[in-house]
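Below: the structure, in structure tokens.
All of these numbers come straight from a predicted model, not from anything done at the bench.
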Amino acid sequence: MIKKEHLAAKIFKDFIWHFAGQEKELYLTFDDGPTPEVTPWVLETLSNYNAKATFFCIGENVMNNSKIYESLIAEGHAVGNHSFSHLKGWITSNKDYIDDVKKASEFINSDLFRPPYGRIKPAQSYELKNDYHIIMWDVLTKDYDNKVNPQKCYDYVINHSEGGSIIVFHDTVKAQKNLQYVLPKILDYYSENKFVFKAIELGKN
């Protein structure tokens, strides 16, 4: 679980980790979808609160679930490129990594990119930032970790989020148990405290 003062944020200063000055705004993000088992439920839950979010999609999943991807856009959410096959940048050649992101761009129309696992080499980021805003986070929920129980996941979000936070969830089967417990409670809690949930929209570089 990572806060914005993490060492990586100091090294990659040109990445976006947090939106400063947004006192009553939160940026919910969902990685690794879309999936037929989870993403439609996420969309319905967000709609109940008039909340917008950003979905960092895997190209292969978009290819296989194009109607769900179209629903994300139709309902006013933002989408981002999360590569085609979820490669780890640290152990992947620069060419293979960049080619994988380019392949994803055939299915995902966005100038936002989030590196899978948050792991990317400086040389990879240097090339990608010509075409993308690289979006990281300051609150990682670890909803995908079966060692993290739902209440602990919820407590972490509540204790570490603040205005302008970029919060990472996953619309995947692996994260489903924690997500279905945490997301409605987060939406309830922050709605009652007059926060709004916004999609990340930055415009072209």
Passes side chain to side chain donor-acceptor pair (under 3.5 Å), Glu44 versus Asn48? Steps please.
CA-CA 6 Å; Glu44 181 179 358; Asn48 290 339; 5.0 Å; no
When rounded to the nearest 0.5 Å, the distance separating CD of Glu201 from NE2 of His133 is 11.5 Å
Looking at Ile158, Asn159, Val157, which hits side chain to side chain contact (heavy atoms under 4.5 Å, CB included) with Ser161?
Val157
Tyr117, OH: over 12 other non-hydrogen atoms inside 6.0 angstrom:
yes
Between Ser110 and Asn81, does any side-chain donor sit less than 3.5 Å from a side-chain acceptor?
no
With no hydrogens and no angle check, just 3.5 Å: does a side-chain donor-acceptor pair link Arg114 and Thr54?
no
Asn65 and Pro36 have their tightest heavy-atom pair at OD1-CD, 3.4 Å
Sorted by chain and residue number, the side-chain contact (heavy atoms from CB on, under 4.5 Å) partners of Lys177 (sequence neighbours excluded) come out as Pro150
Contact summary for Ser83 and Ala104, nearest pair of heavy atoms:
C-CB, 3.4 Å
Please give me the minimum heavy-atom distance between Met136 and Ile166, naming the atom from each residue.
O-CG2, 3.4 Å
Taking atom CG of Asn50 as the centre, report whether more than 12 heavy atoms of other residues, nucleotides or ligands fall under 6.0 Å from it.
no
For the residue pair Glu75 and Leu43, what are the closest heavy atoms and their distance?
OE1-CB, 3.8 Å
Between Leu128 and Ile98, does the side-chain contact (heavy atoms from CB on, under 4.5 Å) criterion hold? Intermediate values first, please.
CA-CA 8 Å; Leu128 288 172; Ile98 299 301; 3.6 Å; yes
Are the side chain of Ser105 and the backbone N or O of Lys102 linked by a donor-acceptor pair below 3.5 Å?
yes
Quick one: ring pair (Phe, Tyr, Trp, His ring centres under 6.0 Å) partners of Phe56, sequence neighbours excluded?
none
Indicate the ring-plane relationship of Phe30 and Phe169, choosing parallel, tilted or perpendicular according to the 30° and 60° boundaries.
parallel
Main-chain N/O of Thr92 paired with Lys121 side-chain donor or acceptor, under 3.5 Å
yes
Distance check, rounded to the nearest 0.5 Å: Lys174 atom NZ versus Glu37 atom CD?
14.5 Å
Could you check Leu28, Asp31, Thr39 and say which one makes a side chain to side chain contact (heavy atoms under 4.5 Å, CB included) with Phe55?
Thr39
Given Pro34, which partner from the list Val62, Val79, Thr172, Ile58 fulfils the side chain to side chain contact (heavy atoms under 4.5 Å, CB included) test?
Val62
Stepwise side-chain contact (heavy atoms from CB on, under 4.5 Å) test for Lys24 and Phe195:
CA-CA 5 Å; Lys24 285 292 184 178; Phe195 279 76; 3.6 Å; yes
Measure from the side-chain N and O atoms of Asp100 to the backbone N and O of Phe84, and report whether any donor-acceptor pair falls under 3.5 Å.
yes
List the steps and the verdict of side-chain contact (heavy atoms from CB on, under 4.5 Å) for Ile186 and Tyr154.
CA-CA 7 Å; Ile186 291 298; Tyr154 170 77; 3.7 Å; yes
On a heavy-atom basis, which atom in Asp14 and which in Lys129 lie closest, and how many Å separate them?
OD2-NZ, 2.7 Å
Distance (rounded to the nearest 0.5 Å) between Ile200 CD1 and Leu112 CG:
6.5 Å
For the residue pair Glu60 and Asn64, confirm or rule out a side-chain donor-acceptor distance under 3.5 Å.
no
Option from Val168, Asn178, Val148 for which side chain to side chain contact (heavy atoms under 4.5 Å, CB included) with Lys142 holds:
Val148
Worked check of side-chain contact (heavy atoms from CB on, under 4.5 Å) between Ile120 and Tyr97
CA-CA 9 Å; Ile120 187 169; Tyr97 191 84; 4.0 Å; yes
For the residue pair Tyr156 and His160, does the interplanar ring angle fall in the parallel (under 30°), tilted (30 to 60°) or perpendicular (over 60°) class?
parallel
Straight-line distance of Thr45 OG1 to Leu183 CG, nearest 0.5 Å:
5.5 Å
Please report the shortest heavy-atom distance between Ser191 and Tyr49, naming the atom on each side.
OG-CD2, 3.7 Å
Exam field: side chain Asp143 to backbone Leu179, donor-acceptor pair closer than 3.5 Å
no
Will you find, in the side chains of Tyr69 and Asn61, an N or O donor that is under 3.5 Å from an N or O acceptor?
no
CZ/Phe197 to CD/Glu25 distance, rounded to the nearest 0.5 angstrom?
11.5 Å
First locate atom OG of Ser85, then atom CG of Asp99, and finally report the distance between them rounded to the nearest 0.5 Å.
10.5 Å
Apply ring pair (Phe, Tyr, Trp, His ring centres under 6.0 Å) to Phe19 and list each qualifying residue two or more places apart in sequence or on a separate chain.
Tyr27
Heavy-atom donor-acceptor pair, His77 side chain to Ala53 backbone, under 3.5 Å
yes
